[in-house]
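Here the structure comes first, spelled out in structure tokens, and everything after it is commentary.
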Amino acid sequence: MLWSDPPDEPPEELRDVQAKLRRMGIVLAVVAVVMMLLLTGR
């Protein structure tokens, strides 16, 4: 890698979208676990 190469980090918009997707995935996983607990508890 040369010093003149552009940095590998993604642009700001893409990083925001990735953070939102990660948060949404965590929320969906928590909701799925809670739903399973509620459904098996009955």
Side-chain angles (χ1 to χ4, degrees):
M1 182 162 142
L2 301 173
W3 61 271
S4 59
D5 287 346
D8 284 338
E9 48 191 50
E12 189 71 32
E13 295 170 355
L14 187 58
R15 273 182 282 176
D16 289 344
V17 170
Q18 285 175 339
K20 281 180 190 166
L21 284 175
R22 199 173 301 125
R23 271 188 303 243
M24 213 168 64
I26 293 170
V27 168
L28 281 176
V30 170
V31 168
V33 170
V34 169
M35 290 295 288
M36 271 197 279
L37 289 174
L38 288 175
L39 290 174
T40 56
R42 291 186 177 181

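Since the model is a prediction, treat every value here as computed from it, not as a measurement.
L28 forms part of no hydrophobic cluster, judged by ILVMFWY side-chain heavy-atom separations under 4.5 Å. Here M35 sits in one hydrophobic cluster together with V27, V31; the rule is ILVMFWY side chains under 4.5 Å apart, joined directly or through other members. When hydrophobic side chains of Ile, Leu, Val, Met, Phe, Trp and Tyr are connected at separations under 4.5 Å, L14 ends up as a singleton with no cluster partners.
Within the structure, no pair that satisfies the salt bridge (Lys or Arg N to Asp or Glu O under 4.0 Å) test touches residues 17-30, not counting sequence neighbours.
Under the salt bridge (Lys or Arg N to Asp or Glu O under 4.0 Å) criterion, E12 pairs with R15, sequence neighbours left out. Annotation: side-chain contact (heavy atoms from CB on, under 4.5 Å) contacts of V33 (sequence neighbours excluded): L37.
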